[in-house]
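Structure record follows, encoded as structure tokens.
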Amino acid sequence: MTAVGARVANAETGTEAQTVAGTVDRQLARPGEVVREHLRGLRDAAHATELHAEHLEQWGLELARRLRRGHRLLVAGNGGSAAEAQHLTAELVGRYRGDRQAFSAIALSAETSSLTALGNDYGYAQVFARQVQAHARSGDLLLLLSTSGSSENLLRAASAARDIGATSWALTGAGPNPLTEVADDAICLDAPSPHVQECQLAAIHALCEVFDGVVRGQEERRGTR
């Protein structure tokens, strides 16, 4: 390492140390303040998400309408958003609250053999688009989860869905962003990335509340429960 590089590294280390020291000082001065600060940020983000309540409800109603007609939901995301994608599909294939019939939902990040093969053969930008081409049919839904709204593999997945005749929804951080420009519909959560991911989970559960309400109501009218 050069002398200049060493000075830069030392400066960066010094900045990190100051940040850590500042956090420790706050914890000592006011125990729990770091956690309370995070939760206050989450409260603000949840309030911003609540502004989209009617929009999320419409998504839940449309999701119920399509899946009950035999269509499929595909969900994609990277990192923490991939975990949320798997969470949602598990709720639909399994159950959210009470028991009900199973519905077709696939998280495109979950099948590691396909994911790594596609990344190796076609490049990571194509890992979701190729699966959309394989699994989606006209009338299906594709939900894209992203904090940035700029991931190339999600942008290409939206384009692939459009070519097939599937409808794409984007649930992202602050917008507008590239993904909102290519998706058929979008909800943008104006919050820092960690809180966007936390509110994605809340939004997913809200979709499930609406979805299950519709399905349970129709099952009860048919006397199948």
*Is the backbone of Pro176 close enough, under 3.5 Å, to the side chain of Thr180 for a donor and an acceptor to pair up by distance?*
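Answer holds: no.
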*Does the Glu84 side chain pair with the main chain of Gln200, one donor and one acceptor, at a distance under 3.5 Å?*
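No, because the side chain of Glu84 does not come within donor-acceptor range (under 3.5 Å) of the backbone of Gln200.
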Say whether [X] and [Y], considering side chains only, have a donor N or O and an acceptor N or O under 3.5 Å apart.
X	Y	answer
His135	Asp140	no
Asn177	Thr172	yes
His195	Glu198	yes
Tyr124	Glu152	no

*Report whether Leu88 and Leu171 are members of the same hydrophobic cluster (ILVMFWY, side-chain heavy atoms less than 4.5 Å apart, transitive linking).*
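Yes; Leu171 is reachable from Leu88 via cluster members.
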*Test Arg95 against Glu91 for salt bridge (charged side-chain N to carboxylate O under 4.0 Å, His left out), laying out the working first.*
CA-CA 5 Å; Arg95 66 180 184 180; Glu91 303 282 25; over 6 Å; no
*Mind checking whether His52 and His55 have parallel, tilted or perpendicular rings, split at 30° and 60°?*
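His52 and His55: tilted rings.
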*Parallel under 30°, tilted from 30 to 60°, perpendicular over 60°: which one fits the rings of Phe103 and Phe211?*
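Rings of Phe103 and Phe211: perpendicular, over 60°.
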*What's the spacing between Ser168 OG and Asp184 CG if we round to 0.5 Å?*
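Rounded to the nearest 0.5 Å, the OG-CG separation comes out at 4.0 Å.
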_To the nearest 0.5 Å, what is the distance between CG on Leu143 and OG1 on Thr167?_
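Rounded to the nearest 0.5 Å, the CG-OG1 separation comes to 12.0 Å.
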*Let me see the working for Glu33 and Arg40 under salt bridge (charged side-chain N to carboxylate O under 4.0 Å, His left out), right down to the final yes or no.*
CA-CA 10 Å; Glu33 181 58 23; Arg40 284 193 292 268; 2.5 Å; yes
